[in-house]
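Quick note: residue numbers are just sequence positions, from 1. Here the structure is a predicted model, which is why all the values come from computation and not from measurement. The analysis underlying the following values was restricted to heavy atoms, covering all of them including side chains, and did not include hydrogens, waters or symmetry mates.
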Amino acid sequence: MSAENYSDHIWPDGSCLNENVEWNHLDPQLYCRKNYVTLHQDDLKFVAKIRDFMVEQLAGRDGLRGVDVGAGANLYPSLTMLPFCADLTLIDWSLSNIGWLDGEIEQYSPTWDPFWTVLAEDPAYASLGRPRRAFRERSRTHQGSVFELPADRWDIGTMFFVAESISSEMAEFRSAVTRFISALKPGAPFAVAFMENSEGWRVGDVVFPAVKVCEADIEASLKGEAEIHELFRLGAGIDRIRPGYTGMILACGKRKLST
């Protein structure tokens with residue numbers, strides 16, 4: 001089965017709802033090894049962008065409640081919020097991901113040290129001194145669905161490579177983005193990232209769905225509830241992470257204030 005034919009092979013009608021995916025079959029250790037153990041410079045560029053945005057929005061603030069939705073086997077979105085949060089919730093639906101995250105919270109692996117090095121170029125992050133201890137003391141996991149997030153709960157949030165990567169349906173993509181933004185308090189800053197034009201993805205022998213999205217789709221999904229401060233796109237270059245993949249898009253912004 002070739003990479004280009006993942007979705008056609010598994011979903012011959014071109015449709016796969018989130019509820020029909022066996023998320024507990026996802027192997028987080030394999031996913032992490034594939035995507036983060038070998039460092040991708042694009043991820044570091046995203047980290048630097050988020051760092052600068054968070055410092056601009058939250059300099060001098062701490063004690064916030066933060067959330068990373070669909071955290072999966074990726075810690076760097078959570079780490080970008082760490083200096084500002086007294087409580088950091090990592091949400092995922094997959095029990096295999098939850099188990100992996102619990103282990104990383106206890107003592108995260110050296111995989112994430114290069115990401116922290118980039119973050120610690122700003123004093124707001126460097127001042128933590130011992131990020132592993134801070135991460136262990138402030139973070140916790142919660143098994144939950146992006147479609148069932150409570151409204152107006154968190155002061156800051158991230159959601160990376162989730163909304164477009166949990167079904168093949170554009171309606172579910174839009175719903176996931178809307179529910180994430182609505183889970184933040186009015187005025188809360190956020191960073192969300194997307195795989196552009198992804199047609200599906202695999203971890204080992206297990207194939208997962210995706211929605212093909214572009215900048216216009218992302219802007220449209222955010223504009224109702226959010227103010228976009230920056231939309232930053234990185235082209236794929238020679239690094240073909242997924243079938244159809246043409247780049248990564250990062251959106252930094254704030255939930256709109258209530259009117």
Side-chain angles (χ1 to χ4, degrees), residues 15-24 26 50 53-54 57 64-74 76-78 80-81 85 87-95 97-98 101 139-196 198 201 208-231 248-259:
S15 175
C16 181
L17 296 175
N18 174 264
E19 65 183 13
N20 296 327
V21 180
E22 295 289 345
W23 293 107
N24 291 332
L26 198 159
I50 305 164
F53 172 72
M54 293 300 184
Q57 296 297 317
L64 303 181
R65 299 181 69 188
V67 65
D68 184 28
V69 176
N74 178 9
Y76 79 70
S78 298
T80 66
M81 297 184 282
C85 293
D87 179 84
L88 184 54
T89 304
L90 283 62
I91 295 178
D92 205 280
W93 182 245
S94 166
L95 290 174
N97 279 344
I98 291 290
L101 288 164
S139 302
R140 58 190 174 89
T141 58
H142 174 73
Q143 191 204 13
S145 168
V146 64
F147 301 115
E148 298 175 353
L149 294 173
D152 306 315
R153 173 70 60 88
W154 288 283
D155 304 302
I156 179 176
T158 55
M159 184 172 69
F160 270 53
F161 316 123
V162 173
E164 80 287 8
S165 302
I166 55 176
S167 86
S168 66
E169 298 300 294
M170 182 62 76
E172 291 200 318
F173 163 77
R174 295 190 183 113
S175 177
V177 174
T178 298
R179 293 302 296 260
F180 167 73
I181 297 297
S182 297
L184 305 177
K185 296 177 182 178
F190 65 83
V192 288
F194 309 87
M195 296 285 180
E196 182 184 52
S198 172
W201 52 290
F208 298 95
V211 182
K212 293 182 67 171
V213 297
C214 62
E215 288 188 43
D217 298 315
I218 293 163
E219 288 186 278
S221 70
L222 288 167
K223 67 180 182 180
E225 296 287 337
E227 299 173 1
I228 302 174
H229 287 219
E230 183 174 12
L231 204 62
M248 299 195 300
I249 299 172
L250 172 70
C252 294
K254 298 170 69 174
R255 183 181 174 189
K256 289 180 179 178
L257 295 172
S258 299
T259 58

### Task
For K212 and D217, run salt bridge (charged side-chain N to carboxylate O under 4.0 Å, His left out): C-alpha distance rounded to whole Å, both residues' side-chain angles, the deciding distance at 0.1 Å, then the answer.
CA-CA 9 Å; K212 293 182 67 171; D217 298 315; over 6 Å; no
### Task
Please report the C-alpha distance between M54 and I156 in whole Å, then the side-chain angles of each, then the deciding distance to 0.1 Å, and finally whether the side-chain contact (heavy atoms from CB on, under 4.5 Å) criterion is met.
CA-CA 9 Å; M54 293 300 184; I156 179 176; 3.6 Å; yes
### Task
Apply the test side-chain contact (heavy atoms from CB on, under 4.5 Å) to residues L250 and L231: give CA-CA distance (whole Å), side-chain angles for both, the deciding distance (0.1 Å), then the verdict.
CA-CA 6 Å; L250 172 70; L231 204 62; over 6 Å; no
### Query
Are R65 and D155 close enough, and set up right, to give a salt bridge (charged side-chain N to carboxylate O under 4.0 Å, His left out), and what steps lead you there?
CA-CA 5 Å; R65 299 181 69 188; D155 304 302; 5.8 Å; no
### Query
side-chain contact (heavy atoms from CB on, under 4.5 Å) between S221 and F173: does it pass, once the steps are laid out?
CA-CA 8 Å; S221 70; F173 163 77; 3.9 Å; yes
### Task
List the steps, then state whether side-chain contact (heavy atoms from CB on, under 4.5 Å) holds for L17 with E169.
CA-CA 7 Å; L17 296 175; E169 298 300 294; 3.6 Å; yes
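Counting only distance, with no hydrogens or angles, the side chain of K254 and the backbone of P186 share no donor-acceptor pair below 3.5 Å. Proximity of a side-chain donor or acceptor of E196 to a complementary backbone N or O of M248 within less than 3.5 Å is not detected. Not one N or O on the side chain of Q143 forms a donor-acceptor pair closer than 3.5 Å with the backbone of S94. Side-chain atoms of W93 do not come within 3.5 Å of backbone N or O of V146 as any donor-acceptor pair. The closest donor-acceptor contact from the side chain of W201 to the backbone of P209 lies under 3.5 Å. The main-chain N or O of L149 is found under 3.5 Å from a side-chain atom of R179 such that the two form a donor-acceptor pair.
Taking each heavy atom of I166 and V21 in turn, the nearest pair found is O-CG2, 4.4 Å. In terms of heavy atoms, F180 sits closest to G157 at CZ-C, 3.7 Å. Closest approach of G72 and N97 over heavy atoms only: CA-ND2, 3.6 Å. When all heavy atoms are compared, the tightest approach of V213 to E164 is CG2-CB, 4.0 Å. Summarising the geometry of H142 relative to I98, their closest heavy-atom pair is O-CD1, 3.6 Å, with the distance given to 0.1 Å. Taking every heavy atom of both residues into account, S168 and V211 meet most closely at C-CG2, 3.5 Å.
In this structure, the separation between CE on M159 and CG on D68 is 9.5 Å, given to the nearest 0.5 Å. Atom-to-atom distance recorded for I50:CD1 and F190:CZ is 12.0 Å, nearest 0.5 angstrom. Atom CD1 of I218 sits about 12.0 Å away from atom CZ of R174, to the nearest 0.5 Å. Rounded to the nearest 0.5 Å, atoms OG1 (T141) and CG (L90) are 7.5 Å apart. How far OG1 of T89 is from CZ of R140: 3.5 Å, rounded to the nearest 0.5 Å. Distance OG/S175 to CE/M170: 13.0 Å, rounded to 0.5 Å.
Residues E227 and K256 are in side-chain contact: their nearest non-hydrogen atoms beyond the backbone lie under 4.5 Å apart. The shortest side-chain heavy-atom distance between H229 and F53 falls under the 4.5 Å cut-off. Residues V69 and T158 have side chains not in contact (no heavy-atom distance under 4.5 Å, counting atoms from C-beta outward). In this structure, the side chains of D152 and L184 stay at 4.5 Å or more apart for every pair of heavy atoms. Between K185 and R255, the closest side-chain pair of non-hydrogen atoms is not below 4.5 Å.
For W23 and F208, the distance between ring centers is under 6.0 angstrom. Ring pair F194/F160: centre-to-centre distance not below 6.0 Å.
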